[in-house]
Amino acid sequence: MIRHRAACGVIALLAASPLCTGAGAAPATRPLVLEELSVVGDAHPPTGQPAASPLMDDRDRPIREPAGAPTTRLGAIANRPAADIGQVLIDSPGVTIRQGTGGRDVIVSIRGSNARSTGTNRNIVVVEDGFSLTQPDGVSRFDLTDPHAYSRIDVFRGPQSALFGNYATGGAIAFQTRTGREIDGYEIGTDAGSFGYLNTYFTVGGASGPFEISLFASDVRANGYQDHSSYDTQTINLLANYTPTPDNRFTLKVIDNTLDANLAARSSLAQYRINPYQRGCAAAATAAPGCTTVAYFVNGAFGPTAAVTASEAALLRADQRSVVAARWEHDLDASTTMRTQLGFDERAFNQPFTTAAPRGSYPAWNVLTDLRRQDTLFGLPAVGYAALTYNTIDGHAAIFNRVPYGGPRLGALIGDQRTVQDNLGGRARIELTLGEHWTAVAGFGVERTAITGRNDTFSTSAAGTVGTVVRVDRSFLNVAPELALVFSPAREWQVRGRAAVGYGTPAATNLFITPAGQPGDNVQLQAQRNLGFDLAVNWSPAPDLQLSVTGFYELFRNELLSQSPGAGLLPYVFNAPASEHRGIEIGGRWISRDGWRATLAYTHDDQVYTNFVERLSAGTRAARFDRAGNHIPGVPTDAALIRLGYEQTDGPWAGVGLFVEAVSQSSFFIDNANLLKAAGFAVVNLNLHYDRALTGAADSGFARRLSLYLELRNLLDRVYTNSAQNLADTINANTGVQNGAGILAQTTGSIFAGAPRTLIGGMKLAF
């Protein structure tokens with residue numbers, strides 16, 4: 001019934017528009033796209049076939065993008081052992097990467113939007129083949145994304161809620177898996193390297209009549225470069241299409257990922273300087289200098305505590321993620337396509353890696369019905385798009401104290417959360433070709449979010465257990481307009497201006513963690529909103545040379561930020577009333593005819609509080625501190641990638657290539673008072689690869705294509721900060737004076753070091 005009403009609503013909306021001016025009108029030409037995308041190609045096309053165009057046929061687009069001709073980077077995955085998705089996205093302007101929580105999990109930030117998170121990805125929407133991988137509470141993780149499965153990745157920068165809805169304040173990432181026609185056979189591959197890393201993967205795909213299918217599976221495991229950081233994860237990714245008639249298309253999407261990961265403890269800045277990789281930390285009694293320990297109640301409830309290392313505490317994540325989704329596309333006429341899709345997404349978790357150990361399940365449903373029409377408006381070529389969306393998540397998590405020693409044992413129950421979050425919204429947009437050189441876009445989104453539930457907290461002492469209840473019944477109504485204008489005075493030039501609004505509501509779990517890092521009452525949180533302005537210039541004088549420069553300025557209200565109160569405690573979320581993000585992004589790509597090529601990605605991102613008074617307390621003392629003018633912690637002001645390489649295109653050495661790349665980030669503050677900084681870094685990576693079609697091999701039954709690669713990462717073996725959880729500032733309980741950088745540097749629960757020098761090689765055969 002929901003799907004039927006949604007479809008009728010969208011049809012009625014467009015039927016009332018001048019876009020529906022006669023079914024027989026000629027379809028408009030493809031509109032110019034309005035926001036630069038970063039597109040990463042994966043594997044090579046089947047032998048004898050050209051590479052797929054970066055601009056797909058309109059009806060194959062999962063959604064209408066607010067952008068146009070994307071820059072294409074073929075081979076960025078195929079020619080390197082991409083252990084996680086961050087190694088692929090790092091050369092996209094505006095994108096920075098942090099280590100996540102175990103395994104190949106990474107934290108992806110667009111324009112600093114998610115740089116303050118260390119556990120989950122927020123403030124960006126993630127979709128794959130048009131299906132949402134961001135759950136309705138705003139959480140997405142990259143454990144389930146093996147880079148070898150994808151043919152392209154599009155990065156949308158800046159507020160995108162007019163198109164993607166809730167949580168798209170920073171942007172969006174759209175993955176596209178390789179289709180059966182692209183694979184046209186099967187492939188096997190293995191990557192292996194330092195610290196026990198081993199990734200074995202398999203891809204099969206093809207098309208026959210109305211059927212097309214691709215299946216990817218991988219098994220990844222490693223010992224890790226820190227003590228107690230081994231992991232193994234398995235992924236299955238299926239994309240199947242059935243086209244019974246030219247105007248009906250059915251798509252099935254299935255993803256299943258299992259993760260088992262041991263976790264090292266996050267150190268203080270002082271400990272990181274002594275023992276960055278937390279080695280020699282098997283037991284607290286014999287621990288090497290600089291080892292991080294966490295204090296657990298000996299009886300798991302109250303009283304005396306014991307300090308234990310990550311190994312003694314058996315810190316770990318044991319998570320399961322399962323996605324099953326389907327879509328039906330129907331062409332109502334030559335100019336109009338309607339789609340309806342339904343997806344189920346469950347996130348089950350067991351995460352005893354702090355003093356509080358949550359375990360639970362978050363099943364979610366996503367429904368989308370949309371309508372797209374190419375026609376004319378006032379005699380001008382136009383594309384209209386409208387959609388209705390609904391998604392819901394029903395979460396239950398039980399939270400326990402930990403007990404030291406003997407594995408990941410659980411102590412007393414300290415919290416029990418049961419919540420439901422619903423998002424119901426509508427979106428509409430029009431792309432209008434105003435003339436030979438001008439294109440305009442106008443979009444609008446509206447969405448209502450409702451969060452209901454309760455959090456039961458329990459405190460145990462010798463006298464018994466006392467329970468308290470925090471209930472939540474919140475609703476948020478958000479709107480997101482968008483306007484954009486593109487001017488293309490010549491083929492090689494494009495100037496783009498854009499203004500758009502993004503919004504993100506707090507997740508239900510944010511409402512139940514106090515500034516003390518414990519389950520409790522934080523229900524006063526407000527939704528964040530940002531108004532962003534972009535001005536960009538693209539210059540492409542030739543197909544082998546592209547340069548883009550984008551300036552952005554974003555005004556935030558009630559920005560949702562997270563920080564840690566210390567080791568073993570839960571990070572909590574707070575609102576900063578007003579802040580500004582402003583910067584510039586530069587991207588460039590050059591490919592010479594004689595095989596030389598270069599890539600540049602640079603981001604300058606200056607983020608400051610403009611209105612934020614922070615209240616700190618300790619003992620009987622309390623004080624207020626004005627943070628206006630301070631830099632928002634967690635965001636490097638400057639980040640850059642420079643890659644220079646060479647590919648031999650002919651002769652006996654055809655297929656041999658190499659590149660060297662340098663990735664650098666400036667230092668950044670990790671507290672609101674701007675007292676303490678994580679140091680910047682520059683890491684150099686070296687890659688040597690060979691990729692070539694095996695002429696005549698297919699006829700003999702052997703592989704059609706051979707790919708070999710060897711990569712030395714962190715060539716100079718630099719020690720650097722790969723992830724830093726923001727820390728809460730503190731005051732002296734006796735004087736009320738704010739503690740200095742020396743005290744803050746002793747606060748644990750912040751730093752993970754990046755990987756030392758690492759050698760990884762791999763081979764892939766396509767049959």
Side-chain angles (χ1 to χ4, degrees), residues 1-3 5-6 119-123 125-126 131-141 161 164-168 319-325 341-351 356 358-369 388-400 413-426 445-458 467-478 503-514 519-528 560 570 572-573 575:
M1 181 63 69
I2 292 175
R3 183 171 61 187
R5 290 178 178 173
T120 57
N121 285 273
R122 295 186 179 276
N123 303 322
V125 170
V126 179
F131 299 101
S132 177
L133 295 186
T134 295
Q135 288 201 302
D137 61 349
V139 170
S140 55
R141 301 197 82 118
S161 290
F164 292 95
N166 202 0
Y167 303 113
D319 293 358
Q320 176 82 29
R321 184 78 179 272
S322 300
V323 178
V324 180
Q341 64 185 43
L342 173 67
F344 174 75
D345 181 354
E346 182 172 26
R347 184 173 92 245
F349 55 91
N350 176 21
Q351 300 177 344
R359 56 172 55 184
S361 176
Y362 279 60
W365 292 91
N366 291 278
V367 183
L368 178 145
T369 295
L388 291 178
T389 65
Y390 172 74
N391 51 69
T392 182
I393 186 168
D394 186 356
H396 176 219
I399 305 172
F400 300 86
L413 179 69
I414 59 173
D416 188 78
Q417 297 178 8
R418 296 178 183 271
T419 59
V420 175
Q421 180 168 340
D422 299 292
N423 302 303
L424 176 64
V446 59
E447 189 165 8
R448 180 185 183 273
T449 296
I451 302 175
T452 58
R454 59 182 287 164
N455 182 35
D456 293 88
T457 60
F458 306 96
T468 59
V469 178
V470 177
R471 290 182 171 85
V472 61
D473 187 358
R474 299 285 306 277
S475 62
F476 307 88
L477 182 64
N478 289 291
Y503 57 84
T505 59
T509 53
N510 300 153
L511 305 175
F512 296 136
I513 301 175
T514 71
D521 186 348
N522 198 27
V523 298
Q524 79 288 342
L525 288 178
Q526 302 297 313
Q528 67 176 0
L560 292 167
L570 298 171
Y572 67 94
V573 174
N575 287 116

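Predicted, not measured: the structure shown is a model, and the values here were computed from it. In this chain, residues are counted from 1 in sequence order. Every heavy atom of this structure was used, including side-chain atoms; hydrogens, water molecules and symmetry mates were not.
Taking the side chain as every heavy atom from C-beta outward, Q135 and R141 never approach each other to under 4.5 Å. Taking the side chain as every heavy atom from C-beta outward, T419 and N455 never approach each other to under 4.5 Å. R321 places a side-chain heavy atom less than 4.5 Å from the side chain of D345. Put simply, the side chain of V420 reaches to within 4.5 Å of the side chain of T392, judged on heavy atoms. No side-chain heavy atom of I399 sits under 4.5 Å from any side-chain heavy atom of F512.
Note that CZ of F400 is 10.0 Å distant from CZ of F458, once rounded to the nearest 0.5 Å. Considering CD of Q417 and CD1 of I513, their distance stands at 6.5 Å, rounded to 0.5 Å. Here the straight-line distance linking atom CD1 of I451 with atom CG of D137 works out to 8.5 Å at 0.5 Å rounding. Between atom OG of residue S132 and atom CZ of residue F164 there is a gap of 10.0 Å, rounded to the nearest 0.5 Å. Distance check, rounded to the nearest 0.5 Å: OH of Y167 to CG of L560 gives 9.0 Å. Rounding to the nearest 0.5 Å gives a distance of 14.0 Å between OH of Y390 and CG of L368.
Looking at D473 and T452, their side chains never bring a donor and an acceptor atom within 3.5 Å of each other. Residues T514 and N522 have side chains that never bring a donor and an acceptor to within less than 3.5 angstrom of each other. N575 and Q528 are not linked by any side-chain donor-acceptor pair at a separation below 3.5 angstrom, with hydrogens and angles left out of the test. Inspection of the S361 and E346 side chains reveals an N or O donor paired with an N or O acceptor under 3.5 Å. Inspection of the T505 and N478 side chains reveals no N or O donor paired with an N or O acceptor under 3.5 Å.
No donor-acceptor pair closer than 3.5 Å links the side chain of Q421 to the backbone N or O of A507. With E447 contributing its side chain and N166 its backbone, the two residues share a donor-acceptor pair below 3.5 Å. With R474 contributing its side chain and V523 its backbone, the two residues share a donor-acceptor pair below 3.5 Å. Between the side chain of T134 and the backbone N or O of V126, at least one donor-acceptor pair lies under 3.5 Å.
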* Mind running side chain to side chain contact (heavy atoms under 4.5 Å, CB included) on N510 and R122 for me, showing each step along the way? => CA-CA 12 Å; N510 300 153; R122 295 186 179 276; 4.0 Å; yes

* Asked: When you look at T120 and R347, which way does the side chain to side chain contact (heavy atoms under 4.5 Å, CB included) test go after all the steps?
  -> CA-CA 12 Å; T120 57; R347 184 173 92 245; over 6 Å; no

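Under the ring-ring contact (aromatic ring centres under 6.0 Å, His included) criterion, Y503 pairs with no residue at all, not counting sequence neighbours.
Of all the heavy atoms in A325 and G343, the pair that sits closest is CB-CA, 3.6 Å. Between A364 and P136, the shortest heavy-atom contact is CB-CD, 3.5 Å. What you find for L388 and G426 is that their closest heavy atoms are CD2-CA, 4.0 Å.
Tested against N366 for a side chain to side chain contact (heavy atoms under 4.5 Å, CB included), the candidates N391, V323, N423, L133 yield a single pass: N391.
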